[in-house]
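It should be emphasised that the depicted structure is a prediction, and the values quoted were computed from it without experimental measurement. We count ligands from 1, going down the list as the structure has it; atoms in each ligand are counted the same way.
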Amino acid sequence: MKKRNKIAMIGSGQIGGILALLTGIRKLGDAVLFDVVEDMPQGKALDLSHLAPVFDLDFRVSGTNNIADIAGADVCIVTSGVPRKPGMSRDDLIKINADIIRSVGEGIKEHAPDSLVIVITNPLDVMAYLMQKVTGFDHRKVLGMAGVLDTARYRSFLAEEMNVSISSISAFVLGGHGDTMVPVRSYTTCNGVPVEKFISAERLDAIEKRVRGAGGEIVNLLKTGSAFCSPAASAILMAECYLQNKRKLLPASAYCQGEYGVDGLYIGVPIIMGGNGLEEIVEIELSDNEKQQLNKSVEAVRSVVSEL
Ligand code: A3D
């Protein structure tokens with residue numbers, strides 16, 4: 001009998017809850033919500049299971065405090081950790097979140113050894129690196145979600161500025177998920193037409209600065225947490241590419257072995273994502289300025305990795 005897909009949320013906080021909701025709405029399979037907080041994942045699961053009949057979704061969802069219940073998961077999406085508070089950088093989270101990633105990584109290795117792991121916990125590129133080390137999984141099966149979200153932010157601001165449909169905007173944000181991320185202007189177009197034809201260089205500088213600070217802008221507005229709907233949607237897109245072998249070209253934090261001059265680090269690069277997880281890292285020609293920015297971003301990630 002063909003098995004139903006199982007998607008495990010490792011961490012059932014703000015992002016975890018939306019991940020389970022979107023798993024149902026996008027018809028990806030069944031969801032299990034795992035968290036250390038007693039009763040909370042069970043409560044979220046019960047609530048979501050009452051949403052399924054409203055939308056006629058053939059979707060089962062359960063909540064647990066026992067990581068053994070993720071057994072057989074096809075995809076594990078990891079948000080366990082603490083989010084930023086106003087005034088904190090993503091790197092300030094490293095000590096607490098590294099311990100949490102080590103502990104859940106052991107659980108994933110034991111109970112879902114064949115799963116694809118998508119890490120969302122910050123500091124993102126460093127936590128993806130640590131997750132791969134702890135699980136020992138093939139690096140193709142451990143990816144970090146950041147580029148899809150950062151690119152979505154870029155596209156959203158550009159579409160608003162140009163007053164065009166969001167679907168016309170194609171863009172890439174590469175590098176580490178932090179203040180040094182690199183919106184790649186040379187590949188940013190409105191239906192193939194370079195974005196510089198529509199927006200002045202000064203306005204583009206301002207928009208790109210806003211992209212780099214967009215996570216912080218949301219933290220300052222929310223005051224008690226960070227963005228959660230769009231990060232969840234971005235990880236679900238990645239899970240979809242894997243489960244449906246879509247072979248979509250998207251930016252993700254991936255283990256580089258010489259690509260872009262980076263060796264032995266996770267960094268945001270364009271990848272083809274399909275049924276093997278990372279199918280291939282695509283090397284695109286960058287301008288000298290973009291190369292310089294990317295190198296700076298890589299050094300920022302490398303210095304946080306050295307703190308592990
Ligand atoms: P939050 O709502 O606090 O959820 C985190 C959950 O992790 C909480 O429910 C905790 O109880 C749980 N948790 C802690 N320790 C463990 C453990 N050992 N095992 C299982 N669960 C545990 O945060 P959130 O969902 O808003 O954010 C989660 C993470 O995502 C944070 O590190 C954020 O910084 C990060 N984040 C990343 C992005 C990216 O674009 C990469 C965007 C937004 C947030």
Side-chain angles (χ1 to χ4, degrees), residues 8-22 32-45 63-70 76-86 88-108 111 118-131 134 143-154 173 175-179 181 211-219 221-238 250-253 266-268 301 304:
M9 314 317 157
I10 312 298
S12 306
Q14 295 274 69
I15 303 179
I18 303 288
L19 282 168
L21 169 68
L22 294 176
V32 52
L33 283 155
F34 163 69
D35 204 286
V36 286
V37 176
E38 250 176 62
D39 294 338
M40 181 270 281
Q42 293 85 340
K44 286 199 176 180
T64 182
N65 302 117
N66 180 1
I67 196 154
D69 292 334
I70 70 165
C76 294
I77 309 183
V78 181
T79 59
S80 50
V82 293
R84 284 193 286 168
K85 296 196 176 65
M88 284 173 96
S89 81
R90 292 174 179 94
D91 296 345
D92 292 336
L93 304 173
I94 184 154
K95 278 194 181 54
I96 313 169
N97 287 356
D99 284 345
I100 294 173
I101 291 298
R102 284 190 188 98
S103 112
V104 300
E106 291 295 343
I108 293 171
H111 301 291
I118 301 172
V119 178
I120 306 186
T121 304
N122 273 318
L124 189 271
D125 306 276
V126 182
M127 294 300 116
Y129 172 91
L130 182 60
M131 177 61 78
V134 174
L143 292 166
M145 185 297 296
V148 174
L149 173 61
D150 297 327
T151 301
R153 288 173 170 161
Y154 195 23
V173 177
H177 180 61
D179 304 337
M181 67 179 78
V211 172
R212 290 191 194 93
E217 189 178 340
I218 294 172
V219 169
L221 290 166
L222 293 179
K223 297 182 181 70
T224 55
S226 53
F228 54 100
C229 295
S230 51
S234 305
I236 288 292
L237 177 83
M238 291 176 70
L250 49 79
S253 184
Y266 270 77
I267 196 88
V301 172
V304 185

- request: Mind checking the CG-CE spacing from Asp150 to Met145? Nearest 0.5 Å is all I need.
  value: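 Interatomic distance, Asp150 CG to Met145 CE, rounded to 0.5 Å: 7.5 Å.
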message: Rounded to the nearest 0.5 Å, what separates atom CG in Leu149 from atom CE in Met238?
response: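 Between Leu149 CG and Met238 CE, I get 11.5 Å after rounding to 0.5 Å.
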task: Using a 4.5 Å cut-off on heavy atoms from C-beta on, say whether the side chain of Pro123 contacts that of Leu93.
output: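 Of all side-chain heavy-atom pairs linking Pro123 with Leu93, at least one is under 4.5 Å.
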If you count the atoms of ligand 1 from 1 in the order shown, which ones are under 4.0 Å from a heavy atom of [X]?
{"X": "Gly13", "answer": "2 (O), 4 (O), 6 (C), 9 (O)"}
{"X": "Ile100", "answer": "14 (C), 15 (N), 16 (C), 17 (C), 18 (N)"}
{"X": "Val37", "answer": "11 (O)"}
{"X": "Ala227", "answer": "43 (C), 44 (C)"}

Heavy-atom pairs closer than 4.0 Å: do any link ligand 1 to the side chain of [X], the backbone, both, or neither?
{"X": "Ile15", "value": "both"}
{"X": "Leu149", "value": "side chain"}
{"X": "Pro231", "value": "side chain"}
{"X": "Val104", "value": "side chain"}
{"X": "Asn97", "value": "side chain"}
{"X": "Leu93", "value": "side chain"}
{"X": "Met40", "value": "side chain"}
{"X": "Asn122", "value": "both"}

Counting non-hydrogen protein atoms only, what is the nearest one to [atom]? Give residue, atom name and distance.
{"atom": "atom 5 (C) of ligand 1", "result": "Gly81 O, 3.2 Å"}
{"atom": "atom 29 (C) of ligand 1", "result": "Thr79 O, 3.5 Å"}
{"atom": "atom 17 (C) of ligand 1", "result": "Val36 CG1, 3.6 Å"}
{"atom": "atom 20 (C) of ligand 1", "result": "Phe34 CE2, 3.4 Å"}
{"atom": "atom 23 (O) of ligand 1", "result": "Pro83 CG, 3.6 Å"}
{"atom": "atom 39 (C) of ligand 1", "result": "His177 NE2, 3.4 Å"}

message: Would the distance check show the side chain of Lys44 and the main-chain N or O of Leu33 forming a donor-acceptor pair, the cut-off being under 3.5 Å?
response: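 Side chain of Lys44 to backbone of Leu33: no pair is present.
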- prompt: Does Asn65 CG have over 12 foreign heavy atoms under 6.0 Å away?
  reply: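 Result for CG/Asn65: enclosed.
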Might you point out which heavy atoms bring [X] and [Y] nearest each other, and give the distance in Å?
{"X": "Tyr266", "Y": "Tyr129", "answer": "CD1-CA, 3.4 Å"}
{"X": "Met9", "Y": "Gly16", "answer": "CG-O, 3.9 Å"}
{"X": "Ser253", "Y": "Leu124", "answer": "CB-CD1, 3.6 Å"}
{"X": "Arg153", "Y": "Ala227", "answer": "NH2-CB, 3.5 Å"}
{"X": "Thr121", "Y": "Thr79", "answer": "OG1-C, 3.3 Å"}
{"X": "Ile10", "Y": "Cys76", "answer": "CG1-CB, 4.1 Å"}

- prompt: Where do His177 and Val301 land on the side-chain contact (heavy atoms from CB on, under 4.5 Å) test, with the steps shown first?
  reply: CA-CA 9 Å; His177 180 61; Val301 172; over 6 Å; no
message: So is Ser226 touching ligand 1 or not, going by heavy atoms under 4.0 Å?
response: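 Contact check Ser226 vs ligand 1: positive.
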message: Tell me whether Phe228 reaches ligand 1 (any heavy atom closer than 4.0 angstrom to a ligand atom).
response: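 False for this residue.
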Hey, is ligand 1 close enough to [X] that some N/O pair sits below 3.5 Å?
{"X": "Ser80", "answer": "no"}
{"X": "Val82", "answer": "yes"}
{"X": "Gln14", "answer": "yes"}

message: Quick check on side chain to side chain contact (heavy atoms under 4.5 Å, CB included): which of Leu22, Val148, Leu21, Ile18 does Ile236 satisfy it with?
response: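 When Leu22, Val148, Leu21, Ile18 are each tested with Ile236, the side chain to side chain contact (heavy atoms under 4.5 Å, CB included) holds only for Leu22.
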task: For Val36 and Ile100, run side-chain contact (heavy atoms from CB on, under 4.5 Å): C-alpha distance rounded to whole Å, both residues' side-chain angles, the deciding distance at 0.1 Å, then the answer.
output: CA-CA 11 Å; Val36 286; Ile100 294 173; over 6 Å; no
- prompt: Heavy-atom distance to atom 10 (C) of ligand 1: which of Ile120, Asp35, Ile10, Asn65 wins?
  reply: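 It is Asp35 that holds the nearest heavy atom.
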